[in-house]
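None of the values given here were measured: they were computed from a predicted structure. Along the sequence shown, the residues carry numbers beginning at 1. Excluded from the calculations below are hydrogen atoms, water molecules and symmetry mates; all remaining heavy atoms, backbone and side chain alike, are included.
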Amino acid sequence: MLLPRCCWGRWLMGRRPRCSCQAPAGFDGKDGRGSRVREKPPWRVLFLGTDHFARETLRALHAARDGKEEKLIEKLEVVTVPSLSPKGLPVKQYAIQSQLPVYEWPDVGSGEYDVGVVASFGRLLSEALILKFPYGILNVHPSCLPRWRGPAPIIHTVLHGDTVTGVTIMQIRPKRFDIGPILQQETIPVPPKSTSKELEAVLSKLGANMLISGLKNLPESLNNGRPQPAEGVTYAPKVSAGTSCVKWEEQTSEQVLRLHLAIGDIVPLQTLWMENTVKLLDLVEVNNSILADPKLTGQTVTPGFVVYHRPSQMLLVRCKDGWIGVRSVMLKKTLTATDFYNGYLHAWYQKNSHAHPSQCRFQTLRLPTKMQQKTKLLLCNSALSS
């Protein structure tokens with residue numbers, strides 16, 4: 001039998017508990033409130049989560065509670081965080097629709113549970129809270145830890161062009177994010193040109209399935225946990241609104257496309273056109289046949305230079321290295337590349353007929369600090385964080 005709460009304190013303080021097959025002297029198999037600790041399913045679970053990734057885990061737990069073949073979950077309650085949306089975050093919406101008891105952090109209810117489960121929660125958990133669970137708290141984290149510890153692992157996976165990612169089921173430790181021992185880890189290739197939203201959908205299903213598998217043999221899973229490697233640690237901090245402002249002089253076309261794939265579903269990339277903010281809605285890689293156009297090869301242009309390519313009906317923008325294609329933008333309303341040319345670019349050429357074409361360019365947008373902080377919160381409370 002796995003040693004419950006009485007041994008967690010020693011583990012949390014950095015010392016491994018004695019072998020789980022031997023109970024300590026005086027241990028009576030109860031959890032401190034007089035209830036006998038369960039050695040096998042069905043489990044009583046408290047789930048803590050927020051976003052779409054977490055909702056998939058909650059859905060799997062809910063299905064396991066109502067399963068007809070084998071009873072894995074007996075009790076399931078939910079904790080989420082406050083939201084500016086009247087509907088609440090995806091986890092709260094699902095809990096209400098499914099008539100699951102739901103609490104708002106820092107309220108975690110007063111019931112008795114065997115194990116806690118966290119997915120995309122974004123709050124540090126205290127040792128006192130962890131010790132309330134005989135089997136501790138598990139975290140479903142969408143990366144191959146120790147790579148991409150922190151609140152935005154999927155965004156950073158896409159942003160940095162990782163070709164392999166995965167999901168880690170780990171034990172929560174107090175006061176620091178994502179440092180606990182690994183119980184399960186599975187890897188998958190990152191599909192080419194995946195957005196963070198698309199990758200999140202794949203990883204959420206993988207993580208949910210892994211968790212259910214681990215809960216079927218929970219004591220064994222915990223006993224087989226291994227420390228995270230000291231090598232290969234990287235961090236996935238929150239992404240600020242300033243990240244969405246394209247720096248044409250500093251970023252290559254590949255970096256701009258990755259940035260779009262990483263955060264474009266949450267906050268569109270932004271730039272400046274003649275003192276007007278322009279949101280870049282649909283960015284694509286530029287193929288070699290377009291790059292061979294004499295208009296692009298026959299002159300020296302500065303980063304940010306924008307030209308309309310009629311055959312492909314795209315705006316082509318010069319980056320630090322190479323070109324990026326833009327199919328639609330937003331000023332006061334959404335415009336196709338052709339609309340933007342007819343309404344803005346063509347007018348600029350008529351008004352500045354003697355100017356060098358390279359002066360027709362996007363410039364880097366500088367956001368005020370308050371705006372950056374506001375959008376940082378949006379990015380953190382949206383999907384793709386944990």
Chemist: Which is it for E249 and R318 under the salt bridge (charged side-chain N to carboxylate O under 4.0 Å, His left out) test, yes or no, and what are the steps along the way?
Modeler: CA-CA 9 Å; E249 297 85 357; R318 180 69 183 182; over 6 Å; no

Chemist: Can you list the steps and then say if F121 with W105 is a ring pair (Phe, Tyr, Trp, His ring centres under 6.0 Å)?
Modeler: CA-CA 10 Å; F121 192 59; W105 180 263; 5.2 Å; yes

Chemist: Check whether the side chains of H62 and Y94 place a donor and an acceptor atom closer than 3.5 Å, and report yes or no.
Modeler: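 Indeed, the side chains of H62 and Y94 share at least one donor-acceptor pair under 3.5 Å.
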
Chemist: Show your reasoning for whether salt bridge (charged side-chain N to carboxylate O under 4.0 Å, His left out) applies to E285 and K193.
Modeler: CA-CA 10 Å; E285 193 174 16; K193 304 295 184 292; 3.6 Å; yes

Chemist: Tell me if a side-chain donor or acceptor on Q255 pairs with a main-chain N or O of T252 at a distance below 3.5 Å.
Modeler: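 Answer holds: yes.
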
Chemist: How about NE2 on H346, more than 12 heavy atoms from neighbouring residues, nucleotides or ligands closer than 6.0 Å, or not?
Modeler: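 Count not over threshold, so no.
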
Chemist: Please determine, by modelled atom types, if R149 and Q228 share a side-chain donor-acceptor pair under 3.5 angstrom.
Modeler: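 Their side chains do contain a donor-acceptor pair, which is all the 3.5 Å distance test asks for.
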
Chemist: Pick from F362, W248, W323: which one makes a side-chain contact (heavy atoms from CB on, under 4.5 Å) with F305?
Modeler: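 Of the listed options, the one satisfying the test is W323.
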
Chemist: Would a hydrophobic clustering, with Ile, Leu, Val, Met, Phe, Trp and Tyr connected at side-chain separations under 4.5 Å, put L145 with V164?
Modeler: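 No; V164 is not reachable from L145 via cluster members.
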
Chemist: Quick check against the 3.5 Å criterion: does T157 have a side-chain atom that pairs as donor or acceptor with the backbone of P153?
Modeler: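 Indeed, once roles are kept as given, a pair shorter than 3.5 Å links the two residues.
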
Chemist: Donor-acceptor pair, distance only, cut-off 3.5 Å: does the side chain of T50 make one with the backbone of T80?
Modeler: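 No: the side chain of T50 does not pair with the backbone of T80.
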
Chemist: Output yes when a side-chain donor or acceptor of E77 lies under 3.5 Å from a complementary backbone atom of V102, and no otherwise.
Modeler: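 No, the answer is negative, given that no donor and acceptor are paired below the 3.5 Å cut-off.
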
Chemist: Assess whether a salt bridge exists between E200 and K197, defined as any Lys/Arg side-chain N lying under 4.0 Å from an Asp/Glu carboxylate O.
Modeler: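 Answer for the salt bridge query: no.
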
Chemist: So, applying side-chain contact (heavy atoms from CB on, under 4.5 Å) with L283, which one of V246, V326, L315, L259 is it?
Modeler: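 By the side-chain contact (heavy atoms from CB on, under 4.5 Å) criterion, L283 pairs with just one of V246, V326, L315, L259: V326.
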
Chemist: Without hydrogens or angle criteria, can the side chains of T338 and Y308 be said to hold a donor-acceptor pair below 3.5 Å?
Modeler: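 Note: T338 and Y308 side chains meet the donor-acceptor criterion.
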
Chemist: Can you check whether L203 reaches I154 side chain to side chain, under 4.5 Å on heavy atoms?
Modeler: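 SC-SC contact between L203 and I154 confirmed.
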
Chemist: Donor-acceptor check, side chain of H141 to backbone of V167, threshold 3.5 angstrom: yes or no?
Modeler: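 Not confirmed, H141 side chain does not pair with V167 backbone.
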
Chemist: Say whether T336 and D339, considering side chains only, have a donor N or O and an acceptor N or O under 3.5 Å apart.
Modeler: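 Indeed, the side chains of T336 and D339 share at least one donor-acceptor pair under 3.5 Å.
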
Chemist: Decide if atom CD of Q99 counts as having more than 12 heavy atoms of other residues, nucleotides or ligands within a radius under 6.0 Å.
Modeler: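 No.
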
Chemist: Around K320, counting heavy atoms of other residues, nucleotides and ligands shown, do more than 12 lie under 6.0 Å from its NZ?
Modeler: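 Not buried by this count: 12 neighbours or fewer within 6.0 Å.
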
Chemist: Looking at D114, L215, D66, I212, which hits side-chain contact (heavy atoms from CB on, under 4.5 Å) with I73?
Modeler: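 Result for side-chain contact (heavy atoms from CB on, under 4.5 Å) with I73: L215.
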
Chemist: Please say whether more than 12 non-hydrogen atoms of neighbouring residues, nucleotides or ligands are located less than 6.0 Å from CD in E104.
Modeler: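 Atom CD in E104 is crowded, with more than 12 foreign heavy atoms closer than 6.0 Å.
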
Chemist: Looking at D178 and R173, is there a salt bridge between them, counting it only when a charged N and a carboxylate O are closer than 4.0 Å?
Modeler: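 The answer is no: the pair does not qualify as a salt bridge.
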
Chemist: Hey, is the main chain of K247 close enough, under 3.5 Å, to the side chain of Q251 for a donor-acceptor pair?
Modeler: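 Answer holds: yes.
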
Chemist: Is a donor from one side chain sitting under 3.5 angstrom from an acceptor on the other, for S120 and D51?
Modeler: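 Yes, a side-chain donor-acceptor pair sits under 3.5 Å.
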
Chemist: Are any side-chain N or O atoms of S253 and backbone N or O atoms of G322, one a donor and one an acceptor, separated by less than 3.5 Å?
Modeler: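 Not confirmed, S253 side chain does not pair with G322 backbone.
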
Chemist: Give a yes-or-no answer on whether the side chains of Q270 and T277 include a donor-acceptor pair shorter than 3.5 Å.
Modeler: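 No, T277 and Q270 have no side-chain donor paired with an acceptor closer than 3.5 Å.
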
Chemist: The test is salt bridge (charged side-chain N to carboxylate O under 4.0 Å, His left out); show your working for R38 and E74 and say whether it passes.
Modeler: CA-CA 12 Å; R38 300 185 180 193; E74 177 182 289; 3.0 Å; yes

Chemist: Looking at Y113, does the NZ or CZ of K132 lie under 6.0 angstrom from its six-membered ring centre and within 45 degrees of the ring axis?
Modeler: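 Ring-cation test returns no.
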
